Amino acid sequence: MISMNARRRALAALGTIAVAGLLATPGARAQDTQVLRIVPHSNLAILDPIWTTAYMSRNHGYMIYDTLFGTDENGKVKPQMVESWTESPDHRLWTFKLRKGLEFHDGKPVTGEDVIASLQRWGKRDAMGSALMQFVSKMDAPTPDTFRIFLGEACGFMLEALGKPGANVPFIMPKRVADTDAFKQIDDYTGSGPYVFKRDEFKPGDKAVYLKNARYVPRNEPPSGTAGGKRVYVDRVEWNLALRDAQAQVNALKKGEVDIVEQLGFDFYESAKTDPDLQIPRYTNAGLQYMARFNHLHKPFDNPKVRQAALAAFQQEPFLRAQVGVKSLYKPCYSMFICNTPYGTTAGSEVQAKGNMRKAQELLKASGYDGTPVVLMKPTDLPSIQKLPDVAAQLLRQAGFKVDLQAMDWQTLVSRRAKKDGPDKGGWNMFLTAFNTFDVWSPIANPTADTRGEKSGWFGWASDDKVQELRNQFMRATDEATKKDLADKIHVRMYEIGTHAPVGEFDQPMAARKNISGFFITNNNLYWNLKKN
């Protein structure tokens with residue numbers, strides 16, 4: 001039995017704790033407003049955004065690196081690190097001047113030499129970068145704040161390449177880092193962007209931390225896409241890499257344990273819209289495209305007739321209905337270059353657009369398919385695409401394929417898809433992914449249109465001289481009518497050889513607490529300009 005004095009002492013102690021809590025609350029709340037807690041769409045394992053096209057690595061890149069140009073919300077290229085530039089009358093010499101105040105995180109100034117080394121490395125991995133480098137005869141830096149690009153012949157996509165907003169992005173790194181072999185990952189993450197990577201707090205599968213770069217000088221324009229001023233209003237950004245279950249993400253968001261869920265599970269979209277504490281920010285007007293990528297190096301997809309059979313089996317509605325489910329968030333589209341864009345076309349898509357299972361079975365039988373299993377990689381921790389492989393496996397089996405569906409986390413998949421070994425030696429035959437519109441809407445930017453075989457920078461390694469010839473003509477075209485005609489021809493040929501299978505377009509919702517403001521149209525996952533009240 002507790003004595004009266006003991007009760008009084010306990011009540012007094014509770015009162016002291018309560019008062020202390022009240023006194024501590026303002027400071028704790030003030031401190032909390034300086035930390036932005038985000039649940040990104042996947043784990044972060046690869047820290048080199050040039051080595052991979054994975055969007056987690058791209059998003060990490062945008063936190064710590066800067067770019068020469070940006071692409072605004074409407075797809076217009078705008079200067080970012082560049083202050084001014086000139087183009088010679090014959091369009092073969094481009095001179096760029098860097099704006100004042102550009103510093104790397106170690107305090108050293110950004111120079112033209114850093115830019116050149118960064119562009120050279122990027123040009124060995126990216127589809128658009130490698131296309132640009134076909135025209136470049138040399139680059140130099142006549143002064144520390146200037147660099148020049150000399151072209152052997154004029155091309156019409158210089159600024160579009162330098163301002164490319166999606167993976168691989170031409171991020172600018174210190175020369176000592178950019179000198180790393182393009183096919184090896186960097187181990188120095190010194191950038192000049194709005195945040196500094198806190199490497200000592202990085203725990204793959206658990207947490208990534210970024211601190212405000214106090215020395216960063218933003219542009220004066222308002223933010224738009226990857227262009228404009230990159231103003232940071234918080235001291236610290238934490239990515240929660242451990243919270244992979246979609247339900248757990250929503251629960252944490254509702255409780256205020258996190259501030260933003262980068263990719264809201266489609267099953268929770270309707271309920272989140274009506275939650276008084278949550279918002280569904282509009283951050284994109286471009287959308288994304290799902291696609292299935294074939295490995296062209298190994299059986300059975302080394303045979304274009306087998307790829308045609310898979311295309312005929314892959315009607316888009318089953319993928320979209322299973323993965324997204326919310327009709328207002330998806331639409332079928334058989335354009336590899338995105339519907340309703342400058343080069344959007346369905347020319348040549350009949351094998352898929354008008355295909356059916358009987359046609360797929362007939363094509364597969366005629367192809368000589370010998371029963372080789374299709375090693376299909378399935379990510380277990382990426383809600384935005386994890387149902388797609390199940391649909392693909394079902395459709396392939398109905399068409400007559402044998403399928404080996406192998407489950408793994410997304411970062412393992414990202415690492416494995418870079419392997420050119422046979423499927424029986426740790427390689428693969430197919431994976432599914434999603435691309436932002438601006439990454440695939442032109443024959444130059446779209447990595448699947450890079451058909452240089454094993455020299456190609458993107459996984460799957462399609463090989464076709466005709467696509468390359470048409471693509472080279474597209475690069476040199478100067479009028480839009482010619483470019484549109486060439487895009488149609490490229491599109492027809494890509495379907496003929498089955499570079500990949502587009503499986504529909506969709507919008508990916510983001511969810512955030514109501515106390516987060518400053519969202520703008522990014523068409524990516526960008527985390528500057530945000531305030532936490």
Side-chain angles (χ1 to χ4, degrees), residues 287-296 300-323 330-369 374 388 391-392 394-401 430 432-435 437 440-443 446-451 460 462-471 473-474 481 483-506:
L288 300 97
Q289 182 190 71
Y290 288 130
M291 67 168 66
R293 178 65 162 174
F294 309 118
N295 188 331
H296 293 240
F301 293 128
D302 60 339
N303 182 346
K305 294 182 179 180
V306 173
R307 300 194 295 268
Q308 288 279 306
L311 278 167
F314 281 178
Q315 295 302 290
Q316 294 184 356
E317 186 68 30
F319 287 99
L320 295 168
R321 188 169 55 247
Q323 180 59 66
Y330 74 76
K331 64 177 181 180
C333 169
Y334 291 95
S335 174
M336 293 178 173
F337 301 146
I338 306 293
C339 288
N340 303 314
T341 62
Y343 306 114
T345 178
T346 57
S349 66
E350 291 79 9
V351 64
Q352 186 185 16
K354 297 181 179 180
N356 54 56
M357 196 52 65
R358 177 173 292 182
K359 182 65 174 178
Q361 292 167 350
E362 291 173 353
L363 288 171
L364 187 62
K365 184 177 180 180
S367 73
Y369 173 65
V374 173
L388 297 176
V391 177
Q394 180 182 0
L395 295 176
L396 288 171
R397 286 170 179 146
Q398 289 177 5
F401 287 90
M430 182 191 294
L432 290 100
T433 189
F435 271 102
T437 288
V440 293
W441 73 343
S442 90
N446 193 317
T448 64
D450 183 358
T451 57
S463 179
D464 188 69
D465 291 340
K466 186 173 180 180
V467 170
Q468 283 305 107
E469 178 186 344
L470 291 168
R471 198 161 168 257
Q473 292 177 36
F474 183 95
K483 291 168 77 173
K484 182 68 174 70
D485 179 64
L486 287 166
D488 286 357
K489 292 177 179 177
I490 292 169
H491 195 264
V492 169
R493 182 60 179 172
M494 288 174 69
Y495 260 106
E496 285 177 353
I497 66 169
T499 54
H500 67 292
V503 292
E505 298 178 9
F506 70 105

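As the structure is a prediction and not an experimental result, all values here were calculated from the model.
- The two residues Leu363 and Gln308 have their closest heavy-atom pair at CD1-O, 3.9 Å.
- One finds the CG atom of Asp464 at 11.5 Å from the CG atom of Asp450 (value rounded to the nearest 0.5 Å).
- A donor-acceptor pair under 3.5 Å is absent between the side-chain atoms of Glu505 and the main chain of Gly287, judged by distance alone.
- Contact record, Phe319 with Ala392: CE2-N, 3.6 Å, taken as the closest heavy-atom pair.
- Annotation: Lys483, atom NZ; neighbour count of heavy atoms from other residues, nucleotides and ligands within 6.0 Å is above 12.
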Practice item. Take Ile497 and Lys466, measure what side-chain contact (heavy atoms from CB on, under 4.5 Å) needs, and give me the verdict at the end. Key: CA-CA 10 Å; Ile497 66 169; Lys466 186 173 180 180; over 6 Å; no
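- Considering CZ of Arg471 and OG of Ser442, their distance stands at 8.0 Å, rounded to 0.5 Å.
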Point to revise | Test side-chain contact (heavy atoms from CB on, under 4.5 Å) applied to Gln315 and Val503, step by step | key: CA-CA 7 Å; Gln315 295 302 290; Val503 292; over 6 Å; no
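- Met336 is not listed as a side-chain neighbour of Thr448, based on a closest heavy-atom distance of 4.5 Å or more.
- Nearest heavy atoms, Ala292 versus Met430: CB-SD, 4.3 Å.
- In this structure the side chain of Lys359 reaches within 4.5 angstrom of the side chain of Glu362, judged on heavy atoms.
- Minimum heavy-atom separation, Val467 to Ala449: CG1-O, 3.6 Å.
- For His491 (side chain) and Gly348 (main-chain N/O), no donor-acceptor pair under 3.5 Å exists by modelled atom type.
- Scanning both residues, Leu364 and Tyr369, for their nearest heavy atoms gives CD1-CB, 3.5 Å.
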Exercise for review: Kindly indicate, with the supporting measurements, whether the criterion side-chain contact (heavy atoms from CB on, under 4.5 Å) is fulfilled by Met291 and Thr433.
Suggested key: CA-CA 6 Å; Met291 67 168 66; Thr433 189; 3.8 Å; yes
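- A 4.5 Å side-chain heavy-atom check between Cys333 and Ile338 finds every atom pair outside the cut-off.
- Panel note: side chain Ser367, backbone Lys305; no donor-acceptor pair is recorded below 3.5 Å.
- Around atom NZ of Lys484, more than 12 heavy atoms belonging to other residues, nucleotides or ligands sit under 6.0 Å away.
- In this structure, Gln394 CD and Arg397 CZ are separated by 9.0 Å, a value rounded to the nearest 0.5 Å.
- Side-chain contact between Phe337 and Ile490: present, with at least one pair of heavy atoms (C-beta onward) separated by less than 4.5 Å.
- The neighbour count for Asn356 CG, taken as heavy atoms of other residues, nucleotides or ligands under 6.0 Å away, is above 12.
- Residues Gln316 and Pro502 have side chains in contact (heavy-atom distance under 4.5 Å, counting atoms from C-beta outward).
- Using a distance-only test at 3.5 Å, with no hydrogens or angles considered, a donor-acceptor pair links the side chain of Arg293 to the main chain of Thr499.
- With Glu317 contributing its side chain and Gly504 its backbone, the two residues share no donor-acceptor pair below 3.5 Å.
- Contact record, Ser335 with Gly344: OG-CA, 3.7 Å, taken as the closest heavy-atom pair.
- The backbone N or O of Tyr334 sits nowhere less than 3.5 Å from a side-chain atom of Thr346 that would complete a donor-acceptor pair.
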Check your understanding: Passes side-chain contact (heavy atoms from CB on, under 4.5 Å), Lys331 versus Asn340? Steps please.
Key -> CA-CA 12 Å; Lys331 64 177 181 180; Asn340 303 314; 3.5 Å; yes
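- Taking OH of Tyr330 as the reference point, atom CZ of Arg321 lies at 6.5 Å (rounded to 0.5 Å).
- Using a 4.5 Å heavy-atom threshold, the side chains of Val351 and Glu496 count as separate.
- Below 30°, between 30° and 60°, or above 60°: for Phe314 and Phe294 the angle between ring planes is below 30°, a parallel geometry.
- Looking at Gln289, its side chain never comes within 3.5 Å of a backbone N or O of Phe435 through a donor-acceptor pair.
- Here Phe474 contributes atom CZ and Gln468 contributes atom CD; the two are 13.5 Å apart, rounded to the nearest 0.5 Å.
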